[in-house]
K.L.:
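The structure follows.
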Amino acid sequence: MHLVIAEKPSVAQSLSRVLGASARRDGYLEGGGYLVSWCVGHLVELAPADSYDAKYSKWAYEDLPIIPQEWKYQVLPDTKKQFDVLAALMADSRVEEVVCATDAGREGELIFRLTYHLCGCKKPVKRLWISSMEESAIREGFARLRDGADYDRLYEAALCRAKADWLIGINGTRLFTTLYGGRTLNVGRVMTPVLALLTEREEAIAGFQKEKFYTVELTFSGFSAVSGRFLSKTEAEKLRSACLGKNALVTELQKQEKKERPPKLYDLTSLQRDANRLFDYTAQQTLDYLQSLYEKRLATYPRTDSRFLTEDMEAGIPGLCEKIGGAFPFASALPIAVNAAQVVDGSKVSDHHAILPTKEAASADLAALPTGERNILSLAASRLLCAVGEPYQYEETALVLECGGASFSAKGRRVTAEGWKAAERAFLSTLPKRQKSEPEAAVLPELSQGQALPAAEAVLKEGATAPPKRYTEDTLLSAMERAGAEEFAQIEDAERTGLGTPATRAGVIEKLVRSGFAERRNKQLIPTAKGQELMKVLPETLKSASLTAQWEEKLKEIERGEGSASGFMDGIAQMTAELVKSYAGAKPVSATLSQSGKPVVGTCPRCGKNVVEGKKSFFCEGWNASPPCGFALWKNDRFFTSKHKELTRKAAAALLKTGRVHLTGLFSEKKGVLYDATIILDDTGDRFVHYKMEFDKKKGEQK
């Protein structure tokens, strides 16, 4: 019997339908000689630092760097039940062979191998490598299963990347968090350079100095022409006056036939960019919608970095286009031209081909899909029809006129063949309240060189230079993809370029926002003060995309058998140790990073830092300093709860300011009555803060 392990339950169900494993069991399906189960994403991960030594549960510079000699792994608590299911299935005497059916790529290989090894399984492994969940693709994939050993180097590279990210993330985050003693300062090989992109753009905007300029616009019958820019309004006005009532002479007239080739098919990043631009979807939302479509067999594998198809797919493209053209309303009236060869190039396909709608999508009830999924599927369908279309052709006219002693220019365009743009315009026209397409240049009238034209009007126009635009997810994804382009150009057969992978870029952006390093403002992504300050104190090594490029080069060498995993990890360990050592004795230089960002309620009586409000206590911002300050006023301190009171922010502020606070309605557990008293802070520096009570003197008592 064969045990097939997929990455998710939905994928396992799709495989089971093809394999005939229809009997449901607890955590797997059975039938047709197969047991089909799943991993639920990562079941096993690298263990946290404190699993190596309990002292690492507290963060201290003196304990860095943390570099495991023997790596440990852990089963995630939320998925332990499914891990136990897989362990039992692998140990089942009926199972003779295990089929790895996780996603075909580094990450999928890692998910399977860590589970396989931690289960202690030694049974033979075969590998399923497919890019579509359509039944025909699944059958073909199982017909040509490969030996699992063929992917040993892929696994080695994946494990090296995970370990290296652990070393940089754990040590870098602890280093800068303990150095500044405030909020957790997450540092990562990919996240940090992306934050650098945002902060560099913000600095460029802040340092931008706007400059006014002036132009003169001449209006003719059917078109207008514009002068060059003037920095002086007076000079521009002189030209405007000189042109009043004068003819303009056509001095240059050039006509060119131009073609605009169809766009490439979508990879994940380009799809995320367009979805952000057209629908305002975040990169993560687009990935989630596409993943759901993939699991419903309506779209091909989402986490791809390729924009081409393989040669064996070429014959099926016309049939797919015909079905898609008839299924989507925007394409119903379009003449479908299919030039399949222009989307085929197997040399540019690594793990997975470009994103496509499947044939099953053509027969799906599109109206029944959630709006997000329907929009993404329609976007992928429109791109397919555009990519196989004819070139967009037009005649461009460039015109130069002389008037008042200066030159004026105008451009015009006459479309000669709509080509692929007909499909694009048809799709864009279905989008409500969206810019349908970029405005085309006007069609110029028939003119000849040397012809004199009377200007109807000469107008002075004022403009100003504009600062760089803040990033949107569309433009940030593009910048992430192109970051370090020069370094990646040197890497033969690199699996990825830029920062992150198509699959991880969305998560990186989300983590920047969650960590408080960046914020969304409408469609813009803006670095926070915390993010900008962090960039000022980090070394250039961690901020540059070149580190990712260097790692990728080494990882590709491991995959090809040209480099060793141990050599790569030795280099990462050395780099980590040098990073920590370089900050020995460093003094914090940023007050912003040394603050927790939580509401300040007073000053710590022990160390003088701010005391801020947390979920369960009012604690000193020096809680993770070196040495740490352990001062905290716990909201559920037994002293208060026994009196049926919770320590409020107002009361805590009074205790920190004057050392005392008067409270009413305190409950006496001994007598069962209520009373009033003054609570006095009695901090002796112990692990827990103590309190005393002072009672008001009763009337008639001697003062």
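All values below were derived from every heavy atom in this structure, side-chain atoms included, with hydrogens, water molecules and symmetry-related copies excluded. Just so you know, residue 1 is the first one in the sequence shown, and it goes up from there.
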K.L.:
Heavy atoms, side chains only, cut-off 4.5 Å: are Val338 and Ile317 in contact?
P.N.:
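Of all side-chain heavy-atom pairs linking Ile317 with Val338, at least one is under 4.5 Å.
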
K.L.:
Among all residues two or more places apart in sequence or in another chain, which pass the side chain to side chain donor-acceptor pair (under 3.5 Å) test with Thr79?
P.N.:
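Partners of Thr79 under the side chain to side chain donor-acceptor pair (under 3.5 Å) test: none.
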
K.L.:
Atom CG in Leu377, atom CD1 in Ile324: separation rounded to 0.5 Å?
P.N.:
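With rounding to 0.5 Å, CG (Leu377) is 7.0 Å from CD1 (Ile324).
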
K.L.:
Taking the side chain from Thr304 and the backbone from His352, do they hold a donor-acceptor pair closer than 3.5 Å?
P.N.:
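Confirmed, Thr304 side chain pairs with His352 backbone.
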
K.L.:
If I compare all heavy atoms of Ala283 with all of Gln272, which pair ends up nearest, and what's the gap?
P.N.:
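Residues Ala283 and Gln272, closest heavy atoms: O-NE2, 3.0 Å.
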
K.L.:
Would Lys536 and Glu533 pass as an ion pair if we require N to O under 4.0 Å?
P.N.:
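Salt bridge present between Lys536 and Glu533.
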
K.L.:
Which residues pass the side chain to side chain donor-acceptor pair (under 3.5 Å) test with Glu107, sequence neighbours left out?
P.N.:
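So Glu107 forms a side chain to side chain donor-acceptor pair (under 3.5 Å) with His42, Arg161.
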
K.L.:
Quick test of your reading: applying salt bridge (Lys or Arg N to Asp or Glu O under 4.0 Å), list the pairs with at least one residue in residues 363-373, sequence neighbours left out, ordered by first then second residue.
P.N.:
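Every salt bridge (Lys or Arg N to Asp or Glu O under 4.0 Å) pair that includes a residue of residues 363-373, provided the two are not neighbours, is Lys296-Glu373.
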
K.L.:
What pair of heavy atoms forms the shortest contact from Leu334 to Ala422, and how long is it?
P.N.:
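For Leu334 and Ala422, the tightest heavy-atom pair comes out as CD2-O, 3.8 Å.
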
K.L.:
Testing Arg520, Arg277, Arg505 for salt bridge (charged side-chain N to carboxylate O under 4.0 Å, His left out) with Glu473, which one passes?
P.N.:
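Checked Arg520, Arg277, Arg505 against Glu473; only one passes salt bridge (charged side-chain N to carboxylate O under 4.0 Å, His left out): Arg520.
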
K.L.:
Among all residues two or more places apart in sequence or in another chain, which pass the salt bridge (charged side-chain N to carboxylate O under 4.0 Å, His left out) test with Glu45?
P.N.:
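Expected list: none.
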
K.L.:
Do other residues, nucleotides or ligands put more than 12 heavy atoms under 6.0 Å from the CD atom of Glu322?
P.N.:
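Not buried by this count: 12 neighbours or fewer within 6.0 Å.
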
K.L.:
With side chain to side chain contact (heavy atoms under 4.5 Å, CB included) as the criterion, how do Asp288 and Gln285 come out once you've worked through the C-alpha distance, each side chain's angles and the decisive distance to 0.1 Å?
P.N.:
CA-CA 5 Å; Asp288 291 344; Gln285 285 174 321; 5.6 Å; no

K.L.:
So, Arg521 and Glu519, do they make that salt bridge, N to O below 4.0 Å?
P.N.:
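Counted as a salt bridge, because a side-chain N and a carboxylate O are separated by less than 4.0 Å.
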
K.L.:
Using ring pair (Phe, Tyr, Trp, His ring centres under 6.0 Å) as the criterion, list what pairs up with Tyr294, not counting sequence neighbours.
P.N.:
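Counting only residues at least two positions away or on another chain, Tyr294 forms a ring pair (Phe, Tyr, Trp, His ring centres under 6.0 Å) with Tyr301.
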
K.L.:
Has the side chain of Thr192 got a donor or acceptor atom that lies under 3.5 Å from a matching backbone atom of Gly188?
P.N.:
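It does hold such a pair.
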
K.L.:
Test of understanding: with side chain to side chain donor-acceptor pair (under 3.5 Å), list the residues that count as partners of Lys323, not counting sequence neighbours.
P.N.:
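Side chain to side chain donor-acceptor pair (under 3.5 Å) list for Lys323, sorted by chain: empty.
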
K.L.:
Specify whether Tyr394 and Tyr392 have parallel, tilted or perpendicular ring planes, treating 30° as the upper limit for parallel and 60° as the lower limit for perpendicular.
P.N.:
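Tilted.
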
K.L.:
Measuring from Leu265:CG to Gln342:CD, what's the distance to the nearest 0.5 Å?
P.N.:
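Result: 9.5 Å between the selected atoms.
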
K.L.:
With sequence neighbours left out, what residues match Thr215 under side chain to side chain donor-acceptor pair (under 3.5 Å)?
P.N.:
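Scan of Thr215 (side chain to side chain donor-acceptor pair (under 3.5 Å), adjacent residues dropped) gives none.
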
K.L.:
Check the pair Glu295, Lys8 against salt bridge (charged side-chain N to carboxylate O under 4.0 Å, His left out), reporting the backbone distance first and the verdict last.
P.N.:
CA-CA 9 Å; Glu295 293 172 14; Lys8 292 184 178 182; 3.5 Å; yes

K.L.:
Out of curiosity, Leu271 CG to Ile355 CD1, how far, rounded to the nearest 0.5 Å?
P.N.:
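These two atoms lie 5.0 Å from each other.
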
K.L.:
According to ring pair (Phe, Tyr, Trp, His ring centres under 6.0 Å), who are the partners of Phe328, at least two apart in sequence or on a separate chain?
P.N.:
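Here no residue qualifies.
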
K.L.:
Of all the heavy-atom pairs spanning Leu185 and Phe176, show the shortest one and how long it is.
P.N.:
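Shortest heavy-atom separation between Leu185 and Phe176 comes out as CD1-O, 3.4 Å.
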
K.L.:
Could you walk me through whether Arg229 and Thr465 pass the side chain to side chain contact (heavy atoms under 4.5 Å, CB included) check?
P.N.:
CA-CA 11 Å; Arg229 292 181 176 182; Thr465 55; 4.3 Å; yes

K.L.:
Can you tell me if Arg413 uses its side chain to pair, donor with acceptor, with the backbone of Thr397 under 3.5 Å?
P.N.:
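Absent.
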
K.L.:
Residues in ring pair (Phe, Tyr, Trp, His ring centres under 6.0 Å) with Tyr214, at least two apart?
P.N.:
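For Tyr214 there are no ring pair (Phe, Tyr, Trp, His ring centres under 6.0 Å) partners, ignoring immediate neighbours.
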
K.L.:
Does a side chain donor of either Tyr281 or Asn375 reach within less than 3.5 Å of an acceptor in the other side chain?
P.N.:
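A pair is found: one side chain offers a donor N or O, the other an acceptor, under 3.5 Å apart.
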
K.L.:
Which value, rounded to the nearest 0.5 Å, describes the distance between Glu510 atom CD and Leu287 atom CG?
P.N.:
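If we round to the nearest 0.5 Å, Glu510:CD and Leu287:CG are 10.5 Å apart.
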
K.L.:
Can you check whether Ala196's main-chain N or O pairs, donor with acceptor, with Thr199's side chain at less than 3.5 Å?
P.N.:
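Yes.
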
K.L.:
What heavy-atom pair brings Leu198 and Leu525 nearest, and what distance separates the two atoms?
P.N.:
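Result for this residue pair: CD2-O, 3.8 Å.
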
K.L.:
When you compare the side chain of Asn276 with that of Thr286, does any pair of heavy atoms fall below 4.5 Å?
P.N.:
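No, too far: nothing below the 4.5 Å cut-off.
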
K.L.:
Exactly one of Lys259, Arg414, Lys258 should register a salt bridge (charged side-chain N to carboxylate O under 4.0 Å, His left out) with Glu396. Which one does?
P.N.:
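Filter result, single survivor: Lys258.
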
K.L.:
Between the main-chain N or O of Asp474 and the side-chain N or O of Ser478, is there a donor-acceptor pair closer than 3.5 Å?
P.N.:
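Such a contact is absent between Ser478 side chain and Asp474 backbone.
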
K.L.:
When you check the side-chain N and O atoms of Glu7 and Thr102, is any donor under 3.5 Å from an acceptor?
P.N.:
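Their side chains do not contain a donor-acceptor pair, so the 3.5 Å distance test is not met.
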
K.L.:
Apply side chain to side chain contact (heavy atoms under 4.5 Å, CB included) to the pair Ile509 and Gln284, showing each step before the final yes or no.
P.N.:
CA-CA 8 Å; Ile509 294 173; Gln284 188 62 54; over 6 Å; no

K.L.:
Let me have the donor-acceptor pairs involving side chains of residues 380-391, under 3.5 Å, with sequence neighbours excluded, atom names and distances please.
P.N.:
{"from": "Ser382", "atom 1": "OG", "to": "Ser378", "atom 2": "O", "distance (Å)": "3.4"}
{"from": "Ser382", "atom 1": "OG", "to": "Leu379", "atom 2": "O", "distance (Å)": "2.8"}
{"from": "Arg383", "atom 1": "NH1", "to": "Lys264", "atom 2": "O", "distance (Å)": "2.8"}
{"from": "Arg383", "atom 1": "NH2", "to": "Asp274", "atom 2": "OD2", "distance (Å)": "3.3"}
{"from": "Glu390", "atom 1": "OE2", "to": "Asn339", "atom 2": "ND2", "distance (Å)": "3.4"}

K.L.:
Do side-chain atoms of Lys233 reach the backbone of Leu460 as a donor and acceptor pair under 3.5 angstrom?
P.N.:
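Absent.
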
K.L.:
Donor-acceptor pair, distance only, cut-off 3.5 Å: does the side chain of Thr475 make one with the backbone of Tyr471?
P.N.:
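Absent.
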
K.L.:
Below 4.0 angstrom, N of the basic side chain to O of the carboxylate: do Glu360 and Arg297 qualify?
P.N.:
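Result for this pair is yes, salt bridge flagged.
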
K.L.:
Got a sec, which residues hit ring pair (Phe, Tyr, Trp, His ring centres under 6.0 Å) with Phe427, two or more places apart in sequence or on another chain?
P.N.:
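Testing Phe427 for ring pair (Phe, Tyr, Trp, His ring centres under 6.0 Å), a comparison that skips the adjacent residues, returns Phe330.
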
K.L.:
Looking at Ser515 and Asn186, what are the two nearest heavy atoms and their distance?
P.N.:
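For Ser515 versus Asn186, the nearest heavy atoms are OG-OD1, 3.3 Å.
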
K.L.:
Minimum heavy-atom separation for Val508 to Met191, with atom names?
P.N.:
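Closest heavy-atom pair between Val508 and Met191: CG1-CA, 3.8 Å.
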
K.L.:
Are any side-chain N or O atoms of Ser227 and backbone N or O atoms of Val216, one a donor and one an acceptor, separated by less than 3.5 Å?
P.N.:
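Yes, Ser227 side chain to Val216 backbone: donor-acceptor pair under 3.5 Å.
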
K.L.:
Apply the side chain to side chain contact (heavy atoms under 4.5 Å, CB included) test between Ile376 and each candidate in Leu369, Leu293, Leu298; give the one that qualifies.
P.N.:
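Exactly one pass, corresponding to Leu293.
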
K.L.:
Run the side chain to side chain contact (heavy atoms under 4.5 Å, CB included) check on Glu553 and Gln550 step by step: do they pass?
P.N.:
CA-CA 5 Å; Glu553 181 175 19; Gln550 293 165 11; 5.6 Å; no

K.L.:
Looking at Ser224 and Thr219, would you say the former's side chain and the latter's main chain have a donor-acceptor pair under 3.5 Å?
P.N.:
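Checked: no pair found.
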
K.L.:
Who are the side-chain contact (heavy atoms from CB on, under 4.5 Å) partners of Gln524, not counting sequence neighbours?
P.N.:
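In terms of side-chain contact (heavy atoms from CB on, under 4.5 Å), with neighbours along the sequence ignored, Gln524 is linked to Arg470, Ile526.
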
K.L.:
Side chain of Thr300, backbone of Ser131: donor and acceptor closer than 3.5 Å?
P.N.:
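Judged by distance alone, no pair lies under 3.5 Å.
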
